[in-house]
Amino acid sequence: MTGSVAYARLPNDTANSETRHLLNREPVVHHTTHGGQITVQPDGRSYTYTYGPKGLAGLAHNRYALLCAVLASIGGLSFGYDQGVIANVLVMKDFITRWPMTPIEEGFMIIFCIGSTFQCGAQSLLQVLIGRAIGGVGVGALSTLSPLYMAEISPPEVRGSLMALEQFAIVSGVVLGFWLGYFTRDIPGSVSWRIPLGIQIIPAVILILGCAFLPASPRLLVLQGKHDEAITSLARLRLRTIDEARNDPLIQIEFLEMRVESTMIHRTFGTAESSKSNFSFADEWNSWKRLLERNYRDRTMVGVLMAFFQQWSGINALLYYGPILVKNIGLSGGNVTLLVSGGIGIVQFFAVLPVIAYIDRWGRRPLLRGGSIVMTLSHFSIFLLITLFASNWASHPTAAWISVGFVYLFTVAYGMSFGPVAWVLPSEVFPLSMRSKGVALSTASVWVNNFLVGLITPVMLECGTFLLFTTSSFLAYVWVTYTVPETANMSLEEIDQDGMFRSSVGRAEVVMKAQIEEDLGLRELISLQLAAESPGNSQHEHTNNLMIIGLHTI
């Protein structure tokens with residue numbers, strides 16, 4: 001163990017108050033400087049901590065982490081912009097006149113993102129597809145790295161809010177992309193679609209420049225053995241000076257939690273705690289295979305199925321083919337269909353706002369369960385209306401507009417549930433040793449299912465589409481109810497505790513983790529060693545009025 005542990009003595013009245021809490025089997029709450037608190041349960045071992053309030057006040061309190069998350073979420077903006085802009089491009093007169101496409105070609109058109117320079121200057125449909133494929137590599141990487149980075153820099157009390165910014169950025173991109181395309185659609189010639197496709201390069205440039213100012217993930221630095229840099233990065237993210245960080249129990253707890261999990265990784269994989277340590281191909285392959293082993297399988301299924309149900313809820317079918325789907329529910333006229341489908345992005349934009357503020361108060365599971373119920377009812381209602389009135393929409397305009405209302409109701413439910421939460425959970429449920437690969441696999445599930453939805457929707461533009469999405473939304477409710485854990489207001493390391501999932505990380509790992517916590521001083525750091533005054537009892541005299549708050553120094 002490197003470094004040392006010092007102890008801060010609390011005043012007598014504080015210690016006596018905490019002793020009474022312990023005797024009454026009540027949690028002990030210790031308030032720290034800068035507005036944080038540590039809550040220790042009566043067992044003296046279980047604990048939680050927060051750096052400040054939740055919600056909007058918490059975002060303001062963690063303003064630097066918020067700024068970093070906003071910058072990192074630009075990758076989501078690019079993803080969303082592509083979704084929004086392509087819905088208009090596919091129905092622009094100059095585009096479809098130049099390169100008429102079959103439904104299958106439209107489906108393949110959807111799976112790739114950005115490639116803005118290549119797409120903007122395209123002279124053939126093949127060049128457009130190549131441009132989207134090239135850009136897709138970048139956006140695919142961002143959709144993995146952005147939520148992972150945001151999860152690793154976030155304090156527990158606002159992690160959900162910060163990560164919900166990913167969905168907010170995506171929705172903002174959808175709105176921007178759609179309406180920019182809407183206003184350029186009547187420009188003569190190819191400029192109508194080259195402008196909205198080319199503008200995608202702007203957020204990419206902003207992100208490139210902004211990355212130079214983003215602090216490194218302290219968890220990654222700890223994993224690489226760069227402890228000094230990690231504590232400096234963590235202090236910066238929590239708005240502490242380095243001297244304040246070395247004397248702040250919250251910083252020290254979070255830092256030691258990172259060290260505990262990092263040590264477990266190195267012991268598990270037999271690697272040195274050094275940034276220069278390299279895995280062989282066999283090590284890398286074995287680490288990927290661990291995602292499907294019994295100890296990690298339920299976590300992997302949470303990440304993969306969250307992405308699956310997010311995509312098969314039907315949101316991207318509406319975003320990609322909104323004008324076409326709106327026609328199928330009885331509305332006609334170019335402007336009407338475009339305006340109605342464009343409203344989907346706006347509704348989703350406003351729906352995600354309260355989630356950013358309250359996701360850490362409301363929790364993940366209630367949002368997912370409520371959202372899936374409303375999505376199921378909305379899709380089924382649209383299916384019934386299409387079944388009843390599709391043969392003669394002209395005579396039933398009210399039914400057509402009711403269908404539009406259910407489309408918007410579905411969008412609200414999605415924007416408050418699977419939209420943001422599907423980016424939050426995969427970055428929370430995996431332990432540090434498997435987090436990057438787990439998030440990567442979850443993101444791969446997003447793109448695979450995005451591809452499948454985009455591919456088959458043009459072929460299934462009758463009512464069967466909404467029946468399929470009804471079934472998927474209902475299955476999502478059942479799955480969330482019986483499988484998905486609640487992770488709100490827990491540190492990433494706490495989520496990895498045995499018992500959080502039905503399949504544990506293994507008895508040996510539990511024992512190993514407990515020993516590492518003892519070796520590194522984390523248990524000593526959060527222990528409460530309070531006892532009532534007892535004359536003649538040397539142990540009591542030693543612990544009287546003392547609450548161990550470790551001030552770990554490197």
Side-chain angles (χ1 to χ4, degrees), residues 80 83-92 106 110 170-172 174-179 181-183 185 310-354 370-419 453-454 457-458 460-474:
Q83 291 180 309
V85 78
I86 201 63
N88 264 303
V89 169
L90 289 178
V91 296
M92 285 183 179
E106 289 181 357
I110 296 305
I170 291 173
V171 175
S172 300
V174 168
V175 173
L176 180 62
F178 182 91
W179 289 103
Y182 178 83
F183 288 117
R185 75 192 191 286
Q310 183 197 53
Q311 296 302 307
W312 286 97
S313 68
I315 187 63
N316 285 331
L318 293 173
L319 293 176
Y320 292 146
Y321 304 108
I324 303 172
L325 288 171
V326 168
K327 287 182 181 178
N328 280 8
I329 59 176
L331 298 182
S332 60
N335 277 340
V336 172
T337 55
L338 282 174
L339 287 171
V340 170
S341 61
I344 294 171
I346 294 176
V347 170
Q348 192 181 172
F349 176 88
F350 286 105
V352 78
L353 289 177
S372 57
I373 291 174
V374 176
M375 291 191 300
T376 300
L377 295 176
S378 299
H379 281 315
F380 187 66
S381 298
I382 297 171
F383 164 73
L384 290 179
L385 289 168
I386 292 177
T387 302
L388 294 172
F389 304 112
S391 60
N392 190 11
W393 281 116
S395 300
H396 303 89
T398 301
W401 283 106
I402 292 174
S403 298
V404 172
F406 279 117
V407 168
Y408 286 165
L409 180 61
F410 155 77
T411 305
V412 170
Y414 172 86
M416 297 185 68
S417 59
F418 278 84
V453 170
T457 299
M460 296 181 58
L461 286 177
E462 300 301 327
C463 63
T465 301
F466 289 98
L467 185 59
L468 176 64
F469 295 150
T470 297
T471 304
S472 175
S473 298
F474 175 73

Run Ile344 and Tyr408 through side-chain contact (heavy atoms from CB on, under 4.5 Å) and show every step you take.
CA-CA 6 Å; Ile344 294 171; Tyr408 286 165; 3.8 Å; yes

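With sequence neighbours excluded, the residues forming a ring-ring contact (aromatic ring centres under 6.0 Å, His included) with Phe349 are Phe168, listed by chain and number. Legend: residues meeting ring-ring contact (aromatic ring centres under 6.0 Å, His included) with Phe406, ordered by chain and number and at least two apart, are absent.
Residue-environment remark: CZ (Phe380) stays at or below the threshold of 12 foreign heavy atoms within 6.0 Å.
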Under 3.5 Å, side-chain donor or acceptor atoms of residues 411-419 against the rest of the protein: list the pairs with distances, not counting sequence neighbours.
from, atom 1, to, atom 2, distance (Å)
Thr411, OG1, Val407, O, 2.8
Ser417, OG, Ala413, O, 2.6

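Leu467 CG to Leu384 CG: the interatomic distance, rounded to the nearest 0.5 Å, is 9.5 Å. Taken from CD1 in Ile346 to CZ in Phe178, the straight-line distance is 8.5 Å, to the nearest 0.5 Å. The CZ atom of Phe466 sits 11.5 Å away from atom OG of Ser381, with the distance rounded to the nearest 0.5 Å. Between the CH2 atom of Trp312 and the CG atom of Leu468 there is a distance of 5.5 Å, given to the nearest 0.5 Å. Atom NE2 of His396 is separated from atom CG of Leu388 by 9.0 Å, given to the nearest 0.5 angstrom. The structure places CZ of Phe469 at 7.5 Å from OG of Ser313, a figure rounded to the nearest 0.5 Å.
Among all heavy-atom pairs drawn from Asn392 and Ser395, the shortest one is ND2-OG, 2.8 Å. Nearest approach of Val453 to Gln311, heavy atoms of both residues: CG2-O, 3.6 Å. When all heavy atoms are compared, the tightest approach of Ser403 to Leu385 is OG-CD1, 3.3 Å.
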